[in-house]
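The structure appears right after this line, and notes come after that.
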Amino acid sequence: MQAITYDRIADAAEHFDDDIVQHTPTDLSRSIGRTVGADVHLKMEHLQRTGSFKTRGAFNKMRALQADTDVERVVAASAGNHAQGVALTATNAGFDATIVMPTDAPQAKIDATRGYGADVILHGNDFQAAMNHAHELADSPRTGFIHAYDDPDIIAGQGTIGLEIVEDVPDVDTVLVPIGGGGLIAGVGCALAELAPDVRLVGVQAASAATVPTSLQKGLPQTNDDVDTIADGIATGGISELTLEYIDAYVDDVVTVPDSAIARAIMLLLERAKQFVEGAGAAAVAPLLTDAIDVRDEVVVPVLSGGNLDASMLQTVLSHELTQRDRLLELRIRIDDRPGVLEEISGVVSDHNANIRTVNHHRAHSELAVGEAFVTYQIETSGVEHADNIKDAIEAVGYEVSQVN
């Protein structure tokens with residue numbers, strides 16, 4: 001393996017500029033701990049200045065490049081978080097920076113990357129396409145390419161999180177780390193192997209973006225050309241030979257979680273821990289909400305790797321979770337299409353102190369008799385019991401009701 005040593009990680013931590021890279025808190029979450037039956041300490045990397053851990057590796061890489069007087073400009077490819085880390089640290093180090101991002105990258109991450117001083121080029125429909133174009137741009141004089149994870153300097157910088165976890169939570173039993181390209185968990189694994197070799201290190205991937213389980217099985221990096229997940233920060237579609245070596249050496253288990261569990265984790269962190277975390281960061285909490293891993297009675301540290309959650313994605317997650325909890329109820333009601341019916345149904349809903357969001361008529365349907373209609377109500381409720389009471393009350397006044405969401 002390439003020499004990513006504990007000493008190299010410690011050296012990176014020693015040279016951090018506190019104005020650029022912070023020692024983020026690791027806070028006990030009693031509410032999440034009660035939910036999962038463990039002592040859960042959240043490593044809050046989403047509170048970094050750029051909103052993610054990526055600043056650590058980027059800062060360490062810029063420090064290495066500053067020793068190379070031939071480099072004046074840097075190029076990188078990123079779905080968003082690496083982009084911001086490179087933009088901030090390049091500007092701080094005096095380099096011009098160009099970042100290639102996929103065309104569907106969240107607008108908030110695009111705007112933030114430009115705000116940190118980089119030029120942004122939107123190219124390709126996924127991370128791999130953006131990466132290929134960035135390599136082309138980097139094939140120019142006095143230009144350095146900053147890989148998101150396949151770089152020893154980057155990995156050493158990310159590994160400083162492991163140092164902080166052991167310092168802040170010395171009795172930790174299990175650390176959960178999200179995996180995209182694998183640079184973060186490779187660095188953390190190297191640090192833990194030196195400082196706390198008995199700690200269980202668990203990697204987490206979104207199920208629809210997973211590449212590590214098959215890569216470990218086959219002994220070579222595998223790619224996923226059909227990545228589709230709300231956790232865009234770990235939607236790389238592949239890992240490298242370098243990160244696979246470290247995952248194989250230091251990671252005890254790799255689990256996959258569905259987007260539904262990631263969405264639930266985002267909401268849990270919002271509601272109970274009061275932390276605004278993106279899908280990639282919430283992925284580290286998601287296994288605690290499923291049967292993917294048993295942490296009962298352990299001291300557990302999930303790494304909340306990023307907090308750059310796009311507003312439109314937040315809206316999507318909120319709608320999904322409200323629907324799952326019957327907080328957002330959509331009812332299709334069969335009616336005789338005559339005056340007074342909507343008033344009667346709306347009155348029932350009002351009597352149960354629920355708010356009506358929308359009402360839609362559907363008169364052209366093969367199931368309907370002449371003079372009938374379907375009316376779809378979207379209603380805000382306080383939960384399952386409230387929703388059931390509303391459905392029962394509408395049926396009690398003579399209407400056929402079905403829940404359609």
Side-chain angles (χ1 to χ4, degrees), residues 4 8-26 42-66 74-99 101 105-106 108-118 120 144-165 168 177-188 191 232-234 236 275-278 280-281 284 303-309:
I4 304 168
R8 193 167 182 172
I9 294 170
D11 180 69
E14 183 180 346
H15 288 89
F16 281 155
D17 181 338
D18 292 341
D19 290 333
I20 306 297
V21 181
Q22 285 79 45
H23 180 139
T24 55
T26 308
L42 304 173
K43 178 56 174 170
M44 298 188 178
E45 278 299 290
H46 63 297
L47 300 183
Q48 287 287 355
R49 181 171 165 185
T50 61
S52 94
F53 74 97
K54 291 287 191 177
T55 311
R56 296 174 181 265
F59 186 96
N60 197 45
K61 183 63 178 179
M62 296 304 163
R63 185 168 68 92
L65 287 177
Q66 283 178 310
V74 296
V75 174
S78 171
N81 287 338
H82 179 59
Q84 294 174 68
V86 170
L88 174 62
T89 57
T91 299
N92 178 72
F95 296 120
D96 293 330
T98 300
I99 313 295
M101 304 176 74
K109 294 185 178 182
I110 295 171
D111 293 343
T113 301
R114 288 177 173 147
Y116 289 125
V120 175
F145 181 76
I146 314 297
H147 199 286
Y149 51 86
D150 191 27
D151 185 303
D153 290 319
I154 292 288
I155 294 173
Q158 321 301 30
T160 58
I161 292 174
L163 309 184
E164 294 178 12
I165 289 174
D168 295 343
V177 178
I179 302 177
L184 172 58
I185 199 166
V188 170
D232 60 276
I234 53 174
T236 60
Q275 300 300 319
F276 187 82
V277 177
E278 65 181 284
V303 178
L304 308 185
S305 59
N308 296 310
L309 182 60

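Since the structure is predicted, the reported quantities are computational estimates derived from the model, not experimental observations.
Using a 4.0 Å cut-off between charged nitrogen and carboxylate oxygen, Asp153 and Arg63 do not count as a salt-bridge pair. Between Glu45 and Arg56 there is a salt bridge, since a side-chain N of the basic residue sits under 4.0 Å from a carboxylate O of the acidic one. A salt bridge links Lys109 to Asp232: at least one charged side-chain nitrogen sits closer than 4.0 Å to a carboxylate oxygen.
Between Val74 and Met62, the closest heavy-atom pair is CG2-CE, 4.1 Å. Shown here for Ile146 and His82, the closest heavy-atom pair between the two residues is O-NE2, 3.1 Å. Taking both residues in full, the closest heavy atoms of Ala77 and Ala148 are given as O-CB, 4.4 Å, listed atom of the first, atom of the second, then distance. When all heavy atoms of Val188 and Gly162 are compared, the pair lying nearest together is CG2-N, 4.1 Å. Contact record, Asn308 with Thr50: ND2-O, 3.1 Å, taken as the closest heavy-atom pair. Shortest non-hydrogen contact noted between Thr113 and Ala83 is OG1-CB, 3.5 Å.
At least one side-chain heavy atom of Leu47 sits under 4.5 Å from a side-chain heavy atom of Gln275. Taking 4.5 Å as the limit, every side-chain heavy atom of Phe53 sits out of range of all side-chain heavy atoms of Val303. Counting heavy atoms from C-beta on, the side chains of Glu164 and Thr26 never come closer than 4.5 Å. Within the 4.5 Å cutoff, the side chain of Phe95 has heavy atoms near those of the Gln66 side chain. Using a 4.5 Å heavy-atom threshold, the side chains of Ser305 and His46 count as separate. Residues Tyr149 and Ile155 are not in side-chain contact: their nearest non-hydrogen atoms beyond the backbone lie 4.5 Å or more apart. Put simply, the side chain of Leu88 reaches to within 4.5 Å of the side chain of Ile20, judged on heavy atoms. Leu163 is listed as a side-chain neighbour of Ile9, based on a closest heavy-atom distance under 4.5 Å.
Remark: the Asp168 side chain and the His23 side chain contain an N/O donor-acceptor pair separated by less than 3.5 Å. Between Glu278 and Asn81, the side chains place a donor N or O and an acceptor N or O closer than 3.5 Å (distance only, hydrogens not considered).
Using a distance-only test at 3.5 Å, with no hydrogens or angles considered, a donor-acceptor pair links the side chain of Lys43 to the main chain of Thr24. Counting only distance, with no hydrogens or angles, the side chain of Thr236 and the backbone of Gly180 share a donor-acceptor pair below 3.5 Å. For Gln22 (side chain) and Arg49 (main-chain N/O), a donor-acceptor pair under 3.5 Å exists by modelled atom type.
Atom OG1 of residue Thr160 and atom CG of residue Asp11 lie 11.5 Å apart, to the nearest 0.5 angstrom. Remark: Gln84 CD to Ile110 CD1 distance equals 10.5 Å, nearest 0.5 Å. Residue Thr91 holds its OG1 atom at 10.5 Å from OH of Tyr116, rounded to the nearest 0.5 Å.
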- Item | Test log, rule side chain to side chain contact (heavy atoms under 4.5 Å, CB included), inputs Thr89 and Thr55 | CA-CA 7 Å; Thr89 57; Thr55 311; 3.9 Å; yes
